[in-house]
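Chain A is the first sequence line, chain B the second, and so forth, proteins listed ahead of strands; every chain is numbered from 1. In what follows, every heavy atom counts, from backbone to side chain, and hydrogens, waters and symmetry copies are set aside.
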Amino acid sequence: MEDKSRISKAIQLIAQLSIDRASQVFSKMVKCGAKISLEKVYLTDITKATEEIAIEGGEVIGAYIDLVGDAPFKFLITFETNDSLLLTDLILQRPTGSTKELDALTQSAVQEVGNILASAISNVFSSDFQIKMKPSPPQVVHDFAATLFEEYISAIAAESNEILIIESQFMVVRHNLKCAMYILPLKGSDKTLSYICNTI
Amino acid sequence: MTMTDNVLIVGIADIKTGKAPFLIKTTLGSCIGVCLYHQEKKVGGMLHLMLASSEGIVRTGELKRAKFADTGIPDLIHELKVKHDADISGLSAKIFGGAKVLQGVTSDIGKNNEEAVRTILKQFGVKIIASKTGGEKGYQIEFDLDTGKVLCKIFGQEPVEL
């Protein structure tokens, strides 16, 4: 296994490049200045990570996406419910506060953001590193934050005790939307990540 | 150990034990929460397991025993005995979780987990006196070590006490 800190750096680089591209697409979509920033990237123990999410509690709406190809990844984004309502208004370009409750439109909005981010990641892999990747259709789930996170990490539960967490923030003109973004390298991605490590 | 005002939070692949007046809390999806309680001593513990069996697992790093039913349940029983002098003969169990949150996933991890937990508890002679498992939504559970009761909230539903 490649040195963990080097792998983390490679994933952080991919996340940063992807987020920059996703920002441009997102700005076009909401027809105003939008920026997605990378707030924090860290490797942590799965028990500690879930304890913290369970303490914060609350419900979220999230989208799960599988990135299949030479470097298989699992990808999850989550928004707190209130933020997902605001996101819906911004994407539909209607006055903020119009979306009062979570509905099919909100689910579509989260799904769309998931698509944008996953496509951006795939594009970074193919254009910057010549690695073919394809995102699966997003699966949107509304549940407890800790439940979503638990299901997400179950993909590596058997083999690994650590997870790389990437926290990001969406800033759209006067609005701040918090979005937690997780990228999880799966079995089989080691070789590709080693290759990326050697190119940076 | 995570502790806030007499509340213990259990993460994934984790065990917490304590005595009254502590509360032990966790949130579950396909994982199973096993609550063991000793009524006389008012002590109990919770295991948050992810998978049924540790056998044949190819892993990186050390084995996190609380991740699996076959290693986590014996460890929970052992910790209750060693730390709190709670004999196995006085223990009863309540189990929660095992939901199928992600649709389109072919294997039913939650159901496999539940079956393994039931089998292992039976092998140890620990009786399951209450359970709430399955479904498609997450569970938040709160285990009161003063009463042994568990407040169980399934996402989108009213909480129930078991």
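Connection of B/I73 to B/I15 is established within a shared hydrophobic cluster, with ILVMFWY side chains joined at heavy-atom distances below 4.5 Å, either directly or through further cluster members. When hydrophobic clusters are built by joining Ile, Leu, Val, Met, Phe, Trp and Tyr residues whose side-chain heavy atoms come closer than 4.5 Å, directly or via intermediates, A/V25 is grouped together with A/V113. In the hydrophobic clustering of this structure, B/L8 does not group with B/L91; members are Ile, Leu, Val, Met, Phe, Trp, Tyr whose side-chain heavy atoms approach within less than 4.5 Å, directly or through other members. Under the 4.5 Å side-chain contact rule for hydrophobic residues, B/I9 and B/L23 share a cluster. A/I61 and A/F75 fall within the same hydrophobic cluster, defined by Ile, Leu, Val, Met, Phe, Trp and Tyr side-chain heavy atoms under 4.5 Å apart, directly or through other members.
Surrounding CD of A/E80 are at most 12 heavy atoms belonging to other residues, nucleotides or ligands under 6.0 Å away. Atom NZ of B/K132 has 12 or fewer heavy atoms from other residues, nucleotides or ligands within 6.0 Å. Counting heavy atoms of neighbouring residues, nucleotides and ligands inside a 6.0 Å radius, atom NZ of B/K81 exceeds 12 of them. Around the NZ atom of B/K153, the shell of radius 6.0 Å holds more than 12 heavy atoms that belong to other residues, nucleotides or ligands.
Inspection of non-hydrogen atoms places no residue of residues 117-125 of chain B under 4.5 Å from chain A. For a heavy-atom cut-off of 4.5 Å, chain A lies close to B/G29, B/S30, B/C31, B/H48, B/M50 in residues 29-50 of chain B.
To the nearest 0.5 angstrom, B/T27 atom OG1 is 11.5 Å from A/E51 atom CD.
Considering A/I46, A/N161, A/D45 in turn, A/I46 is the only one that fulfils the side-chain contact (heavy atoms from CB on, under 4.5 Å) rule with B/I12.
Side-chain atoms of B/K137 come within 3.5 Å of backbone N or O of A/H142 as a donor-acceptor pair.
Looking at B/L102 and A/Y64, their side chains come closer than 4.5 Å, going by heavy atoms from C-beta outward.
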message = Could you walk me through whether B/K64 and A/T47 satisfy the side chain to side chain contact (heavy atoms under 4.5 Å, CB included) test, starting with their C-alpha distance in whole Å, then the side-chain angles of each, then the deciding distance to 0.1 Å, before giving a yes or no?
response = CA-CA 10 Å; B/K64 218 172 175 46; A/T47 304; 2.9 Å; yes
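Residues satisfying the side-chain hydrogen bond (donor to acceptor under 3.5 Å, both in side chains) criterion with A/D89, sequence neighbours excluded, are A/R94, A/T99. Listed by chain and number, the residues in a side-chain contact (heavy atoms from CB on, under 4.5 Å) with B/T147 are B/D144, B/K149 (sequence neighbours excluded).
With a threshold of 4.5 angstrom between heavy atoms, A/F149 does not approach chain B through any atom at all.
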